[in-house]
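Below: one structure, written as structure tokens.
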Amino acid sequence: MNKKLGALALVGASAVVLAGCAGGSGATPSEAETGEITVWLVGTDTPDTAREYLKETFEAENEGWTLTIEEKTWADTSETYVAALSSNDSPDVVEVGNTQALGFIDQGLFLDITDIQEDLGGDDLLPGLVDAGTYDDAFYAAPYYAGGRIVFYTPQIVTDENPATLDEYVAQGIAMKTDTVSGIYAPGKDWYNALPYVWAHGGEIAVQDGDTWDAQFASDESLAGLEQLQEVYLNATNAPADGDEANPQVPFCAGEIAYISAPGWVKWSILAEADAENPGCPETYGKDLSAFPLPGLEEGTTAPIFAGGSNVAVAQKSNSPEKAKAALGILLSEGYQQLLAEGGLTPGIISAASSLPDDEITQAQATALANSKFTPMSPNWGEVEAALVIPDALVKIAQGGDVKAIAEELDAQIEAILNQ
């Protein structure tokens, strides 16, 4: 949603930090009999049913304590998070994007929770997100939920058969573009949807050689993907070159999109009843909503997609770390995780996946996630995201710039950050 490493920033792709205060003058966290725990959740992905479950369960199990949920934006998960987590008024539990977790850990902002990893789920925890929250063999940020991007469409606009290859997908997108309809909706800053083109052609973001990172956007393989992406920007989309991926349901429900690659949960925004905050179009373009995994270069394959998701963590400076751990336990409980699954989010515990809806869109996401990749596992990766060097480069490509020159400049910028 995207949802850092190093100096922090996001995309994604989250982790939860509780900010609480112990009640009673002079009482230590372990002695306090009353108090408040604060949980920061990002965006609207977490359904209201889960939020209510967290608050009601925690307060029922911890008499005299209250739990407050504060909703943050992904823009908050850089400087705002760092400042709050570094202060004496830190939140207690926070959600962060999976690509951001290592950066917060590296700065010492998350509590080591290795001692409760088994209690939180152990082998039942989603492996990819466990890796995102683990540093130097210690566990700091637990899996919250995972998500992947799939290609949504409505048969009211798309009448062709689903494309079998990435080349067919691009060709169909170009053929369907009109002055008012994007064959493929592709705003320039949406780097999450740009990466599959690079990965499908065998390219990489950066690879590690010993202690040194070698950025790869200017490799022959990556350039092939970026050149195909530029073809989409120039010939298949009406999306603004300097636009981002926020609120894709708005142009979709306006009938301005044939194909759009978006997180699986966007389904619910499209199918929701229209109101002042969300257009929704359940009776029009959402009526027969369909989706498929982005195809790969060869028929019968899928393109690798970005493995997005969130992690949740206890703040190192939480005034009530034991109560924060109790809240974290509820976030990873089967009851809570099932509510996330029912909302279409791939749960952080594997056993709760049985609660995912059994429909075409959910299955498409599961298939897409089976071939997914992650950003470089460097504590400095968050600084790359915060610097916005990738979206800035993509905007230049979307504006028709020299792909190779732009990629070479981008590689130099990424290496300067990762190797500092």
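The figures that follow rest on heavy atoms only: side chains count, while hydrogens, waters and symmetry mates do not.
Aromatic pair Y140/F104: ring centres not closer than 6.0 Å.
In terms of heavy atoms, N235 sits closest to K177 at O-CD, 3.1 Å. Across all non-hydrogen atoms, the minimal contact from A215 to D411 is CB-OD1, 3.3 Å. Nearest heavy-atom pair, I349 versus Q337, reported as atom, atom and distance to 0.1 Å: N-OE1, 3.4 Å. When all heavy atoms of A291 and A364 are compared, the pair lying nearest together is O-CB, 4.1 Å. Between P196 and L294 the shortest heavy-atom distance is CB-CD2, 3.7 Å. Contact between V198 and S222 at its shortest, heavy atoms only, is CG1-OG, 3.4 Å.
Side-chain N or O atoms of S182 include one that pairs as donor or acceptor with a backbone N or O of N238 at under 3.5 Å. In this structure, N371 contributes its side chain and T302 its backbone to a donor-acceptor pair below 3.5 Å. Remark: side-chain polar atoms of N380 are not paired, donor with acceptor, to backbone N or O of E383 under 3.5 angstrom. When atom types are taken as modelled, the side chain of Q216 and the backbone of V207 share no donor-acceptor pair closer than 3.5 angstrom. Of the possible polar contacts, none joining the D244 side chain to the K189 backbone as a donor-acceptor pair under 3.5 Å is found. Looking only at distances, a side-chain donor or acceptor of E59 sits under 3.5 Å from a matching main-chain atom of L67. Listed for the N62 side chain is a donor-acceptor partner under 3.5 Å among the backbone atoms of F58. Here the side chain of T237 pairs a donor or acceptor atom with the backbone of A186 at under 3.5 angstrom. Not a single donor-acceptor pair under 3.5 Å links the side chain of S290 to the backbone N or O of Y153. A donor-acceptor pair under 3.5 Å is absent between the side-chain atoms of Q249 and the main chain of I270, judged by distance alone.
With a 4.5 Å cut-off on side-chain heavy atoms, F110 and L85 count as touching. Using a 4.5 Å heavy-atom threshold, the side chains of Y144 and N98 count as separate. Side-chain contact between I150 and T367: absent, with no pair of heavy atoms (C-beta onward) separated by less than 4.5 Å. Within the 4.5 Å cutoff, side-chain heavy atoms of E334 are placed close to those of Q338. Side-chain contact check for I157 versus F252: every heavy-atom pair is 4.5 Å or farther apart. Looking only at side-chain heavy atoms (C-beta outward), L229 and I397 stay at 4.5 Å or farther from each other. In this structure, T80 and K72 have side chains that are not in contact, with every pair of non-hydrogen atoms separated by 4.5 Å or more. Looking at L356 and P347, their side chains come closer than 4.5 Å, going by heavy atoms from C-beta outward.
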Output, in order, the C-alpha distance, side-chain angles, deciding distance and verdict of side chain to side chain donor-acceptor pair (under 3.5 Å) for T134 and D131. CA-CA 5 Å; T134 300; D131 292 343; 5.4 Å; no
Mind running ring-ring contact (aromatic ring centres under 6.0 Å, His included) on F292 and Y259 for me, showing each step along the way? CA-CA 10 Å; F292 57 85; Y259 289 141; 5.6 Å; yes
Worked verdict on I257 versus F152 for side chain to side chain contact (heavy atoms under 4.5 Å, CB included): CA-CA 9 Å; I257 291 175; F152 287 95; over 6 Å; no
Side chain to side chain donor-acceptor pair (under 3.5 Å) between E36 and T68, intermediate numbers included: CA-CA 7 Å; E36 180 181 0; T68 300; 2.6 Å; yes
Derivation and outcome, side chain to side chain contact (heavy atoms under 4.5 Å, CB included), residues V312 and L332: CA-CA 9 Å; V312 286; L332 271 294; 3.8 Å; yes
Test D242 against Q399 for side chain to side chain donor-acceptor pair (under 3.5 Å), laying out the working first. CA-CA 9 Å; D242 60 351; Q399 293 171 334; over 6 Å; no
I'd like to know whether T73 forms a side chain to side chain contact (heavy atoms under 4.5 Å, CB included) with D76, so could you lay out the CA-CA distance, the side-chain angles of the two residues, the decisive distance to 0.1 Å, and finally the verdict. CA-CA 5 Å; T73 68; D76 292 326; 3.2 Å; yes
Side chain to side chain donor-acceptor pair (under 3.5 Å) between D167 and T165, intermediate numbers included: CA-CA 5 Å; D167 288 344; T165 66; 5.2 Å; no
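A distance of 8.5 Å separates OH in Y233 from CG in L226, rounded to the nearest 0.5 Å. For the atom pair CG (L340) and OG1 (T46), the distance works out to 6.0 Å, reported to the nearest 0.5 Å. Interatomic distance, CD of Q316 versus CD of Q107, reported as 12.5 Å (0.5 Å rounding). Atom OG1 in T375 sits 8.5 Å away from atom CD1 in I390 (nearest 0.5 Å).
Note on K325 versus D115: salt bridge recorded, some NZ/NE/NH1/NH2 to OD/OE distance being below 4.0 Å. Between E71 and R51, at least one side-chain N (NZ, or NE/NH1/NH2) sits under 4.0 Å from a carboxylate O, which counts as a salt bridge.
Heavy atoms from other residues, nucleotides or ligands lying under 6.0 Å from CG of D275 number more than 12. Summarising the local packing, CD of E298 is surrounded by 12 or fewer heavy atoms from other residues, nucleotides or ligands at distances under 6.0 Å. The 12-atom threshold is not exceeded at CD of E161, counting heavy atoms of other residues, nucleotides or ligands nearer than 6.0 Å.
Pairs of residues two or more places apart, or lying in two chains, that qualify as disulfide bond (SG atoms under 2.5 Å apart) and include a residue from residues 255-346 are C253-C281.
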